[in-house]
Each structure stands twice: as structure tokens, then as C-alpha cells.
Amino acid sequence: MKTFKVQVGQVTRELPIVPVAPGVSVALFNMLGDTEVTEAAGRELAALLPAEIEVLVTPEVKALSLAHVLSRESGKPYIVIRKTQKPYMVDPVAREVISITTGKPQMLVLDGFDVQKIRGRKVAIVDDVVSSGGTLHSIRQIIEEVGGEVAAVVAVFTEGQERPEVTALGHLPLFK
Ligand SMILES: O=P(O)(O)OC[C@H]1O[C@H](OP(=O)(O)OP(=O)(O)O)[C@H](O)[C@@H]1O
Ligand SMILES: Nc1ncnc2[nH]cnc12
């Protein structure tokens, strides 16, 4: 299998290049279960987080452990946007999204219980990869709908096009 080498802090990984759509492959960055990469990425991104940030918002699932480390390192709380609506949620706020790696609609759902933790606050969106920007766009809409201000976007990698609005540790190409 072809791979693409990346560096996160002092840690290197050979990412497998896998197809995600007809004619499109990505270097798959999956931090789940990779403690070393998650810790390195969280520490590096915490050092780049603007001091004004009050709360972190992240989508489940691959970015979840990254948000945990970033929260621990920065001392800022984090909120998880879920991909399914649960019966225990109160007045959830939802948006549909299509990410490059999923290719079909998914839901992004903020539990109404978390709204007051975002309203009036300066928010950093945390993700592992920003690629098509679909996930980022929908999370931004949810945050703004509930009265939060997106003051930063941090990710381990951007992918495909350049994204000056995203503070990232590196960039991944798309493969044909
Ligand atoms: O910029 P985009 O094209 O929207 O892609 C970025 C999103 O895609 C991945 O999530 P994925 O849909 O693979 O979900 P998962 O983390 O639940 O596996 C990744 O974790 C980002 O959230
Ligand atoms: N290269 C990638 N690895 C993991 N998740 C992604 N989401 C979008 N691009 C991705």
C-alpha cells in the first residue's frame, strides 16, 4: 500500500493512501488509539491557541481525543458536537454535513444543554483535518446560531486547498 509520511511534533507516521470517492484518495490520518500522536498534536496546538479563546468545540469522533489533550494543556473546556441526535438531548441544534471521508450526509448535533457554554463566548473549533471545509462550515453555523463567536480554527492538518483561516501543524495533499 502506498503511504505518505507526516510529522507531528517529534513523531512521524506513514499514513496509508486510501480511496474515499471515485478518483479521489487521501492520506488517512486516524488519531484514534494513537496516544503518541494525539499527545504531540495536542501540545503543539495548545501552544498556538490564542489566549482570548474561552471554549473549544469539536466534532466527534476522530478529533475527540485531540480536543481532550488540547483542553488539558490549555485549561479551556471543550464541547463535543455529536453525529447522532440522542433522546437525552434537550432542544438540540443540528446541521447536515458531507465530509470528504464520509461522502454521504451526516448530522452534526449540539445538545441544547451546551448552548449556554457557547453563547457570548470566544470559541476555537478543533478538528483533526480540514479538507472540503464542509464540517467546518456546519460547525461554524451552529456556533453562530447559538450566539458564539468563532475566534480561531485549529487542526492538525489542512488538506487539498490552502486554508489561511485554519491554524494547522501541516498540510496533506489529495491524491488522484
Ligand atoms: O473538511 P471535511 O471534508 O468536512 O472533512 C473533515 C472531517 O472529516 C473527518 O471526519 P469524518 O467525516 O471522517 O468522521 P469521523 O471523524 O466520525 O470518522 C475529519 O475528522 C473531519 O471532521
Ligand atoms: N486525510 C484525512 N484523514 C482523516 N480524516 C479526514 N477527513 C478529511 N480528510 C481526512
Side-chain angles (χ1 to χ4, degrees), residues 1-9 11-42 44-45 55-71 78-86 89 92-111 114 118 123-144 150 152-176:
M1 178 181 276
K2 287 192 177 156
T3 61
F4 182 78
K5 188 172 183 174
V6 295
Q7 179 152 4
V8 178
V11 184
T12 57
R13 289 289 180 269
E14 293 282 349
L15 306 184
I17 298 174
V18 297
V20 290
V24 184
S25 295
V26 299
L28 189 72
F29 180 62
N30 188 349
M31 307 172 81
L32 290 178
D34 193 333
T35 309
E36 204 181 9
V37 163
T38 306
E39 288 283 334
E44 295 276 325
L45 286 175
V55 62
L56 313 173
V57 171
T58 198
E60 70 168 338
V61 64
K62 291 199 302 302
L64 190 47
S65 52
L66 172 67
H68 172 94
V69 174
L70 201 43
S71 170
Y78 75 101
I79 290 164
V80 180
I81 298 210
R82 304 294 302 269
K83 296 233 171 111
T84 50
Q85 188 169 320
K86 303 287 181 182
M89 291 179 172
V93 181
R95 281 282 183 290
E96 210 173 65
V97 67
I98 301 182
S99 76
I100 189 169
T101 37
T102 302
K104 59 179 187 195
Q106 306 183 94
M107 294 302 288
L108 290 173
V109 189
L110 175 70
D111 190 343
D114 290 324
I118 292 178
V123 178
I125 298 174
V126 178
D127 211 340
D128 51 355
V129 183
V130 176
S131 187
S132 71
T135 304
L136 177 59
H137 178 71
S138 294
I139 293 177
R140 188 188 287 275
Q141 282 188 331
I142 291 172
I143 291 168
E144 289 174 354
V150 178
V153 181
V154 300
V156 185
F157 295 112
T158 51
E159 180 176 68
Q161 68 186 89
E162 298 289 326
R163 293 198 176 269
E165 79 277 22
V166 179
T167 299
L169 302 179
H171 184 76
L172 301 173
L174 286 173
F175 301 84
K176 300 290 171 200

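Counting starts at 1 for both ligands and their atoms, following the listed order. Keep in mind the model is a prediction, meaning the values are calculated, not measured.
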Point to revise | Sub-4.5 Å side-chain heavy-atom contact between V156 and F29 | key: yes

ask   = Would you call H137 a ligand 1 contact, heavy-atom distance under 4.0 Å?
value = no

query = Looking only at atom types and distance, does a side-chain atom of D127 sit under 3.5 Å from a main-chain N or O of V130, one as donor and one as acceptor?
reply = no

With heavy atoms and a 4.0 Å threshold, my read on which part of I100 contacts ligand 1 is both

For atom 12 (O) of ligand 1, the closest protein heavy atom turns out to be S99 OG, 2.5 Å

Of T101, V97, D128, I125, the one whose closest heavy atom lies nearest atom 20 (O) of ligand 1 is D128

Check your understanding: Hey, are the side chains of I139 and I143 touching, using non-hydrogen atoms and a 4.5 Å cut-off?
Key -> yes

So the atoms of ligand 1 within less than 4.0 Å of a heavy atom of E60 turn out to be 17 (O)

| request: Indicate yes or no: at least one non-hydrogen side-chain atom of I118 is less than 4.5 angstrom from one of V123. | output: yes

When distances are taken from atom 7 (N) of ligand 2, the protein heavy atom at minimum range is T101 OG1, 3.4 Å

With a 4.5 Å cut-off on side-chain heavy atoms, are L169 and F157 touching? no

re atom 6 (C) of ligand 1, the protein heavy-atom contact at minimum distance is V129 O, 3.2 Å

Of K104, K83, K62, M31, the one whose closest heavy atom lies nearest atom 18 (O) of ligand 1 is K62

Nearest non-hydrogen protein atom to atom 8 (C) of ligand 2, with distance, is I100 CG2, 3.3 Å

Honestly, for N30 the part within reach of ligand 2 (heavy atoms, under 4.0 Å) is neither

Of all protein heavy atoms, the one nearest atom 5 (N) of ligand 2 is K62 CE, 3.4 Å

Logged contact type for V61 with ligand 1, heavy-atom cut-off 4.0 Å, is both

Taking distance alone, with no angle check, do G133 and ligand 1 share an N/O pair under 3.5 Å? yes

*asked:* Just by distance, no angles: are the side chains of S99 and T102 close enough, under 3.5 Å, to form a donor-acceptor pair?
replied: yes

Residue, atom and distance of the protein heavy atom nearest atom 9 (N) of ligand 2 read E159 OE1, 2.7 Å

- [ ] Would you confirm whether S71, through its side chain, and A67, through its main-chain N or O, come within 3.5 Å as a donor-acceptor pair?
- [x] no

- Message: Using a 6.0 Å cut-off, check whether atom NE2 of H171 has over 12 heavy atoms from anything other than its own residue.
- Response: yes

Item to check | Side chain E14, main chain P16, donor-acceptor under 3.5 Å | outcome: no

So the atoms of ligand 1 within less than 4.0 Å of a heavy atom of G134 turn out to be 1 (O), 4 (O)

Atom 7 (C) of ligand 1 sits nearest the protein heavy atom T135 OG1, 3.5 Å

Honestly, for S99 the part within reach of ligand 2 (heavy atoms, under 4.0 Å) is neither

Per-atom filter on ligand 1: closer than 4.0 angstrom to a heavy atom of T102 are 11 (P), 12 (O), 13 (O)

Hey, is NZ on K2 packed in by over 12 heavy atoms from elsewhere, all under 6.0 Å? no

Open item on the list: Any heavy-atom pair between the side chains of T58 and D128 that's under 4.5 Å?
Closed with: no

Indicate yes or no: does an N/O atom of L172 lie under 3.5 Å from an N/O atom of ligand 2? no

V126 side chain near L66 side chain, heavy-atom distance below 4.5 Å: yes

For A27, the ligand 2 atoms with a heavy-atom partner under 4.0 Å come out as 1 (N), 2 (C), 3 (N)

Requested in this report: Report yes or no: does S138 contribute a side-chain atom to a donor-acceptor pair with the main-chain N or O of E96 at less than 3.5 Å?
Outcome: yes

Atom 21 (C) of ligand 1: closest protein heavy atom, distance to 0.1 Å, is D127 OD2, 3.2 Å

Side-chain contact test, heavy atoms from C-beta onward, threshold under 4.5 Å: evaluate it for L56 versus V154 and give yes or no. no

closest protein heavy atom to atom 4 (C) of ligand 2 is F29 O, 3.1 Å

Among non-hydrogen protein atoms, atom 2 (P) of ligand 1 lies closest to S132 OG, 3.4 Å

*asked:* I'd like to know if the side chain of K83 and the backbone of E60 have a donor-acceptor N/O pair within less than 3.5 Å.
replied: yes

At under 4.0 Å between heavy atoms, what of L28 touches ligand 2? The answer is both

Taking only non-hydrogen atoms of V26 and a 4.0 Å limit, the atoms of ligand 2 in range are 1 (N)

